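Fair warning: this is a prediction, and the values are worked out from it, not measured in the lab.
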Amino acid sequence: MKIILTGSLGNISKPLATALVQQAHAVTVISSKLEKRAEIEALGATAAIGSVEDAGFLTATFTGADAAYLMVPPNFAVADSRAYHQQVGHNYAQALRQAGVRRVVQLSSWGAHLSKGTGGILGTHDVEGILRQVPGIALTHLRPTSFFTNFYTSAGMIKGAGIMGANYAGDIKVSFVHPRDIATAAADELVKPTDGPGQAVRYVASDERTADEVAHAIGAAIGKPDLKWVAFTDAQMRENMTSHGVPVIRANEVVDIYASINSGKLGEDYWQHRPVLGEVKLEDFAREFAAAF
């Protein structure tokens, strides 16, 4: 198959590209950074250097492809994250229509079924809706849960305050996922036979644990066995982020995501459609965290 991957060589796209090349597929990786060309080609893939904000570039790159993996690259420079997601979503939809790609796997998120109250996930909700309007495609919304790798941002808090925390309770069971397990699921979806046009949702998760358990596992791995999880209020979480230079609009997006975990809204559809869990467990990630800490 000829498969197009967005996401450059990120935590998901790099192992995804590697797996698909090893399966002898012709893989093209889109990256906005010219300096990534050599690394992409070293994997055995073709580099397409350009921007997902350029619909013409996307159409030219998609032409002749059998399948595409679509994600919206983070762009912290934009003032309106939701509008940015919508723009990229429409660019993808235009390119799919004009290039005639028939198999599409979109990196979405748990909570993307909700149209309000989920902060930074609302843009992903919008992209799901935009892609569903493209006729004639077999579309899978890949909905990973909370990324283990988000906890890397806790390193400063652990070193400075000796705690971990966010604005959700430590005793709530949360579904977490590792990027490698997302890559495995994406590779499976891209190459498996379909029954023709239609839409499907696939949740991806690695482990289901509480934040208290996360703090305990990470603490054990870094030699701080007494490390505790502290549940902040929404206001405290917002203040913690903005005082460290996070723009207010971005802080609000994160606060809303975690508040929806705390209320149970974010995971309500996930818990009704739980997937088979992936291979990377909390203790595996804790060792990775310790190596980077």
For the side chain of His178 and the backbone of Arg180, is there at least one donor-acceptor N/O pair under 3.5 Å apart? yes
For the CD atom on Gln199, are there more than 12 heavy atoms of other groups (residues, nucleotides or ligands in this structure) within a distance under 6.0 Å? yes
Do Tyr203 and Trp271 have their ring centres less than 6.0 Å from each other? no
Across all chains, not counting sequence neighbours, the side-chain hydrogen bond (donor to acceptor under 3.5 Å, both in side chains) partners of Asp212 are none
Look at Glu39 together with Lys14 and state whether they make a salt bridge at an N to O cut-off of under 4.0 Å. yes
Glu128 (side chain) donor-acceptor with Thr124 (main chain) under 3.5 angstrom: no
What is the distance from atom CZ of Phe289 to atom CD1 of Ile158, rounded to the nearest 0.5 Å? 3.5 Å
Listed partners of Asp256 passing salt bridge (Lys or Arg N to Asp or Glu O under 4.0 Å), at least two apart: none
Between the main-chain N or O of Glu53 and the side-chain N or O of Ser51, is there a donor-acceptor pair closer than 3.5 Å? yes
Between Phe176 and Thr145, what is the shortest heavy-atom contact and its length? C-OG1, 3.3 Å
Determine, using the 4.5 Å side-chain heavy-atom cutoff (strictly less than), whether Ile137 and Tyr69 are members of one ILVMFWY cluster. no
How about His25 and Asp66: do any of their side-chain heavy atoms sit closer than 4.5 Å? no
Short side-chain to backbone donor-acceptor contact, Lys159 and Phe293, under 3.5 Å: yes
Hey, is NZ on Lys281 packed in by over 12 heavy atoms from elsewhere, all under 6.0 Å? yes
Nearest atoms (heavy-atom pairs only) where Arg82 meets Leu122: NH1-CD1, 3.7 Å
Compute the ring centroids of Phe147 and Phe285, then answer whether they are less than 6.0 Å apart. no
Assess the residue pair Glu283 and Arg287 against the criterion (salt bridge (Lys or Arg N to Asp or Glu O under 4.0 Å)); give the C-alpha distance rounded to whole Å, side-chain angles, the decisive distance to 0.1 Å, and a yes or no. CA-CA 6 Å; Glu283 289 72 20; Arg287 287 189 289 271; over 6 Å; no
Count the heavy atoms of every other residue, nucleotide or ligand shown that sit under 6.0 Å from NZ of Lys224, and state whether that count exceeds 12. no
Nearest heavy atoms of Val104 and Leu96, plus distance in Å: CG2-CD2, 3.7 Å
Once you round to the nearest 0.5 Å, how far does CD1 of Ile4 lie from CZ of Phe62? 7.0 Å
Heavy-atom distance under 4.5 Å between the side chains of Leu5 and Leu190, does that happen here? yes
Going by side-chain hydrogen bond (donor to acceptor under 3.5 Å, both in side chains), name the residues that satisfy it together with His125, two or more places apart in sequence or in a different chain. none
Heavy atoms only: give me the nearest Gly170-Thr210 pair and the separation to one decimal. O-CB, 3.1 Å
Please name the pair of heavy atoms, one in Val191 and one in Ile3, separated by the smallest distance, quoted to 0.1 Å. CG1-CD1, 4.0 Å
Within the distance-only criterion (no hydrogens, no angle test), does the side chain of Asn167 pair as donor or acceptor with the backbone N or O of Tyr258 below 3.5 angstrom? no
Give the cluster check for Leu142 versus Met1: same hydrophobic cluster or not, with ILVMFWY residues linked at side-chain heavy-atom distances below 4.5 Å. yes
In this structure, CZ of Phe151 is separated from CE of Met157 (nearest 0.5 Å) by 10.5 Å
Group every Ile, Leu, Val, Met, Phe, Trp and Tyr by side-chain heavy-atom contacts under 4.5 Å, then state whether Phe148 and Ile222 land in the same group. yes
Within this structure, what is the CZ-CD distance for the pair Arg132 and Gln106, rounded to the nearest 0.5 Å? 8.5 Å
Just checking, is any N or O donor in the side chain of Thr140 or Arg103 under 3.5 Å from an acceptor N or O on the other one? yes
Is it possible for you to say whether Ile261 and Trp229 belong to one hydrophobic cluster, with membership spreading through side-chain heavy-atom contacts below 4.5 Å? yes
same_hphob_cluster(Ile182, Tyr152) at 4.5 Å side-chain heavy-atom cutoff: no
Tell me if a side-chain donor or acceptor on Asp126 pairs with a main-chain N or O of Gln86 at a distance below 3.5 Å. no
When rounded to the nearest 0.5 angstrom, what distance separates CG in Leu139 from OG in Ser108? 9.5 Å
For atom NZ of Lys192, decide whether the heavy atoms of other residues, nucleotides or ligands shown that lie under 6.0 angstrom number more than 12. yes
Reported OG1-to-CG distance for the pair Thr18 and Leu43, which is rounded to 0.5 angstrom: 4.5 Å
Taking all atoms of both residues into account, what is the closest heavy-atom pair of Ala251 and Thr242, and its distance? CB-CG2, 3.9 Å
Note, His90 side chain near Gln87 side chain (heavy atom, < 4.5 Å): no
